[in-house]
**Q** 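Sharing a structure below in structure tokens format, with a few things to ask.
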Amino acid sequence: MLSGTAWAFIGAALAVGFAGIGSSIGVAKAGQAAAGVVSEDPSKFMKCLILQLLPATQGLYGFVIGFVVMLKLNIFGGALVSLSPFAGLAMLGACLPMAISGLLSGIHQGKVAAAGIALVAKRPEENIKAIVFTIMVETYALLGLLISFLAVYLPAYA
Amino acid sequence: MSVVKMKKLSAIGHKKDRRRILHTLTGLGIVEIANTSELDGTFIDKHVSVCDSISQKIAQLDFAFTFLQESRRELKKKEFSNDVKNNVAFHNAKFGKENVVIKYEDLATIVKDEFELFSAIEILSDISNELAEIKSKKSRIQSTLTQLSIYTSLDVKFSEIQDTKHTSLFVGYTEIEDIEPITTILPDYAKIKYTAVDNGFLLAVAVFKTETDIVARALASINFRKCPFNDDALASDLIAQARSELEVLNQRRRKLYLAVAETFYHLKDFKLLYDFYTIELDKAETMGKCRETARSFVFTAWIPADSEASVIEALSGAGSGIVYEVTDPQPGEVPPSLTINTKAVSAFGDNITSTFGTPEYDSIDPNPFVMFFYCLFFGFMFSDAGYGLIMTIACALYLLIKKPVKRSGGFFLMFMFCGISTIIWGTLFGGWFGLTAEQLSSNPVGKFLLSLQVLNSMDGTDILIMFGIALGLGVVQLAAGFALNGITLIKNKQSLNGVLNHFSWVIILCGGAVAVFGMLLSISALSTIGGLFAGIGVLMLLAGGAVGKKNPLSMLAGAFKNLYGSINVFSDILSYSRLFSLCLTTGIIGMVINIIAGLMPSLLSYFGYVVAFIIYAFGHLFNFAINALGVYVHDSRLQYVEFFGKFFSGEGRAFQPLGSGSKYIHISEGISISSKVKN
């Protein structure tokens, strides 16, 4: 049986890793679409870049949860906090909302961002509407972040 | 705070005065010409030939802008740097909107220079054609040079490469890696000579004429390309000649570009002329909306009610015998929407509301509310007073130095206010560049800033309070949205609907908020009163669903539908949890940057300080940029979806007065509608 601290680290790894994967895939999809549009009209670079960046935030949210786990484990303070296997598993579970919502919302937000970039290609003046469509997906990553944060940060695990 | 009242102006004038009347109305800047309804004995003339001739002039000016912009990229290259270094017009050339405001009358004076300006454009057009010709000639010569370079080792003139009476001579180039295999596929008696050149070989094969076909087939199999030249000259002579031709072309090209550089001093006049003709086109198209007889014309226009007297005075002076009538909008007519606000409110209207839509005529102007809530939420989400300070100072400096005219600096004005809100929220949350309380308390300034902190985002209880405030702010905005819709309905004489279906929500939300507050502070009186109000609100909502229906079953169904609709309101409230989530992200990423930068000196000694500085600077720049973008879009979403969804459809038609379509110059209104600015 792994120690609780190890479980907690796995939780942090899942939050950072999965949300990071979601963002990378999302940003990559949007980036491919953006490169296509910019090759035709370089003046649309900024508008496409903003849309491409939108799915990048899941990775940051995952990173925030990973960091909060590290704070709870007192990594920056010297002596590592020792958790019971139960407390460690609980912290791992607390990381999962961010990990799962970050992974899937990142990928799907990338798809909407790519479609938004296609919208910008045809009607550049409607770029804000493309942004609004794209951030609709992000709401669920934010909810995941919120629950993971409250569940990791508030309880006294040790 | 509502959309400006409009009046309809209908007028008849003599055709001979038409140009003067339209010129005067354009100069006023507050008259929108509408389609004139059908009248007996009148006809419509679309003035197609006038519109076409103006469109052609606009197209010529468009060409000038495009060509000058392309030439500018070329002229910025090093080869021209000495030639253009003293050309002020070239260095100051801007292709966007000029930061100046001029009167329409002053703009119209540009037309006296149009002959000179269009002549300059003709010259630019000739230069553009010649440059295209030079480009194609150069590319032909380049390709000849590439081919000639294969034959530089040939020490005979091309004209001397000829068959003899009994032999055929093949001289050419083949692109292969190894020449040896060829010798095996050619007949033994063929005389072969070859030399390696770029990516292949220069090959000469001599055979008896009887074997010509066999050799030709063998050479075809290795993609042999016969020498295309037959000039009475050596390859090196032809290369020298081609190079000198290239040099002549280059010098001509250079001369042409320098001539273009001298045209840049016309750029501002081109812009004036472009806007003058854009407005002329608008006027010509407007003439197509008027009805005409042989000697008179009739037009209809929308004007702001407050400006009626000024418009009539100007109109009367523009021609003789003008007959007019000013009426209120009739049922079924949809006047355009114009909102009047301060510069600050307009900044939010231009950058946030207008992206969503235009307020409907006779509805509430949402812009002052958008400004209040957008600023409030932006500061909460960005939540770092340090970042807010930078944002405020940067925007204020831009506005002070650039002094943008009219509403062109609205984007910066908006973010200046958002920055101020960020400073206030950041101070309350103790967010200063992601520094922790320990780091802040190490110096007197930090201690002072820390003393202003009310909530700590690293403290368990405070975190829940912040989350509660986020949802509470959502409740306030939703209640405001419902209240605005209720007011609109009451104004439109649908009081019962407004009170029961919309104000009921204001009572539920406020009562609920008071009850929760009472529960948190354990004040039972507050909880009871709040709960009571919320209960009354629910009853009103149920009644709202039942009102207007005769069948008891439909009344029940209506009441249930209203109750079911409340799920949407609760999900809307939860949507405001993003305020708290984004607030956390800014603070924590800032803190991580500080921790990583702080580790560097102990890891890398003195060099570590340099690395720490780089991490600190770029890390915070990144955090600032990514979070500002995130906050901007999520704040917009809260306005568009949660707030506007309650009362604002954005389906109005924006007021577009004659003369408002300028692209490169700001044009001042002839009449000031008010001391405030138009949206």
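The sequence lines fix the lettering, A, B, ..., with proteins before strands; numbering per chain opens at 1. For the numbers below, each heavy atom of this structure counts, side chains included, while hydrogens, waters and symmetry mates do not.
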**Q** I'd like to know whether CZ of A/Phe18 has more than 12 heavy-atom contacts from other residues, nucleotides or ligands below 6.0 angstrom.
**A** no

**Q** Quick check: are there more than 12 heavy atoms from other residues, nucleotides or ligands sitting under 6.0 Å from CZ of A/Phe45?
**A** no

**Q** Output the distance between atom CG (A/Leu143) and atom OG (B/Ser575), rounded to the nearest 0.5 Å.
**A** 8.0 Å

**Q** I'd like to know whether NZ of A/Lys29 has more than 12 heavy-atom contacts from other residues, nucleotides or ligands below 6.0 angstrom.
**A** no

**Q** Between A/Met70 and chain B, which part of the residue has a heavy atom less than 4.5 Å away: side chain, backbone, both or neither?
**A** neither

**Q** Work out which heavy atom in A/Ile135 is nearest to a heavy atom in B/Val633; give both atom names and the distance.
**A** CD1-O, 3.1 Å

**Q** Which one of A/Leu146, A/Leu142, A/Leu145 satisfies the side-chain contact (heavy atoms from CB on, under 4.5 Å) criterion with B/Phe580?
**A** A/Leu146

**Q** If you count every heavy atom of other residues, nucleotides or ligands that lies below 6.0 Å from B/Phe618 atom CZ, does the total exceed 12?
**A** no

**Q** More than 12 heavy atoms of other residues, nucleotides or ligands under 6.0 Å from CD of A/Glu125: yes or no?
**A** yes

**Q** Do the side chains of B/Tyr632 and A/Ile128 get nearer than 4.5 Å, heavy atoms only?
**A** yes

**Q** Is any side-chain heavy atom of A/Leu71 closer than 4.5 Å to one of B/Ile588?
**A** no

**Q** Report, as yes or no, whether the 6.0 Å neighbourhood of atom CZ on B/Phe65 holds more than 12 heavy atoms from other residues, nucleotides or ligands.
**A** yes

**Q** If I compare all heavy atoms of A/Lys129 with all of B/Thr355, which pair ends up nearest, and what's the gap?
**A** CE-O, 3.2 Å

**Q** Tell me which one of A/Phe149, A/Tyr61, A/Phe63 satisfies side-chain contact (heavy atoms from CB on, under 4.5 Å) with B/Thr585.
**A** A/Tyr61

**Q** Which bit of A/Val64 is near chain B, if near means a heavy-atom gap under 4.5 Å: side chain, backbone, both or neither?
**A** both

**Q** Could you give the distance from OG1 (A/Thr139) to NE2 (B/His634), rounded to the nearest 0.5 Å?
**A** 6.5 Å

**Q** Does atom CZ of A/Phe133 have more than 12 heavy-atom neighbours, drawn from other residues, nucleotides or ligands, at distances under 6.0 Å?
**A** no

**Q** Pick from B/Ile626, B/Val641, B/Val592, B/Ile589: which one has the most heavy-atom pairs with chain A under 4.5 Å?
**A** B/Val592

**Q** Which atoms of B/Leu599 come close to chain A, meaning under 4.5 Å heavy atom to heavy atom: side chain ones, backbone ones, both, or neither?
**A** neither

**Q** So if I apply the side-chain contact (heavy atoms from CB on, under 4.5 Å) rule between B/Leu629 and each of A/Ile131, A/Leu53, A/Leu49, A/Thr57, which one comes out positive?
**A** A/Leu53

